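Report on the following structure.
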Amino acid sequence: MTPYKTQAFIQSLNKGLMKPTYKDEITVLEKVGDNDYIVDYKGVKCHALFNWFVGAYFADDVFGRVTE
């Protein structure tokens, strides 16, 4: 899979409280499972999924971090 840049909804933490989800740019690196992607968001590798109903990626840069 060739990496590519796209917009995604980012789920992040702000001082222990959940911030509203916002859109930002990610780089999709690889597909690792059924609707499970490894993406790069501001230097952090994390998991994301693609929601076919809204046509957008959702990335979790806090709980979905890849530590390998």
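It should be emphasised that the depicted structure is a prediction, and the values quoted were computed from it without experimental measurement.
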- Kindly write out the residues that satisfy side chain to side chain contact (heavy atoms under 4.5 Å, CB included) with K5, not counting sequence neighbours, or none if the list is empty.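 For K5 the side chain to side chain contact (heavy atoms under 4.5 Å, CB included) partners, ignoring immediate neighbours, are E25, T27.
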- Task: If you link ILVMFWY side chains whenever their heavy atoms are less than 4.5 Å apart, which other residues fall into the same cluster as I38? By chain and number, please.
- Result: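 I38 shares its hydrophobic cluster with L29, V32, V66.
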- Apart from V44 itself, what residues make up its hydrophobic cluster, given side-chain heavy atom links below 4.5 Å?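 Under the 4.5 Å side-chain rule, V44 groups with nothing.
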- Task: Please list, chain by chain and in numerical order, all residues satisfying salt bridge (Lys or Arg N to Asp or Glu O under 4.0 Å) with D36, sequence neighbours excluded.
- Result: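 Result, salt bridge (Lys or Arg N to Asp or Glu O under 4.0 Å) vs D36: none returned.
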- Message: Going by salt bridge (Lys or Arg N to Asp or Glu O under 4.0 Å), name the residues that satisfy it together with K31, two or more places apart in sequence or in a different chain.
- Response: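 Expected list: none.
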- Could you walk me through whether V39 and H47 pass the side-chain contact (heavy atoms from CB on, under 4.5 Å) test, one step at a time? CA-CA 6 Å; V39 300; H47 286 270; over 6 Å; no
Side-chain donor/acceptor pairs under 3.5 Å, residues 49-60, sequence neighbours excluded:
unit_1	atom_1	unit_2	atom_2	d
N51	OD1	F53	N	2.8
N51	OD1	V54	N	3.3
Y57	OH	Y4	OH	2.4
D60	OD1	V62	N	3.0
D60	OD1	F63	N	3.0

- OH of Y37 to CD1 of I26: how many Å apart, nearest 0.5 Å?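 Answer rounded to 0.5 Å: 10.5 Å.
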- Task: Sorted by first residue and then second, give each salt bridge (Lys or Arg N to Asp or Glu O under 4.0 Å) pair with at least one member in residues 37-58; sequence neighbours left out.
- Result: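 Listed by first then second residue: D24-K42.
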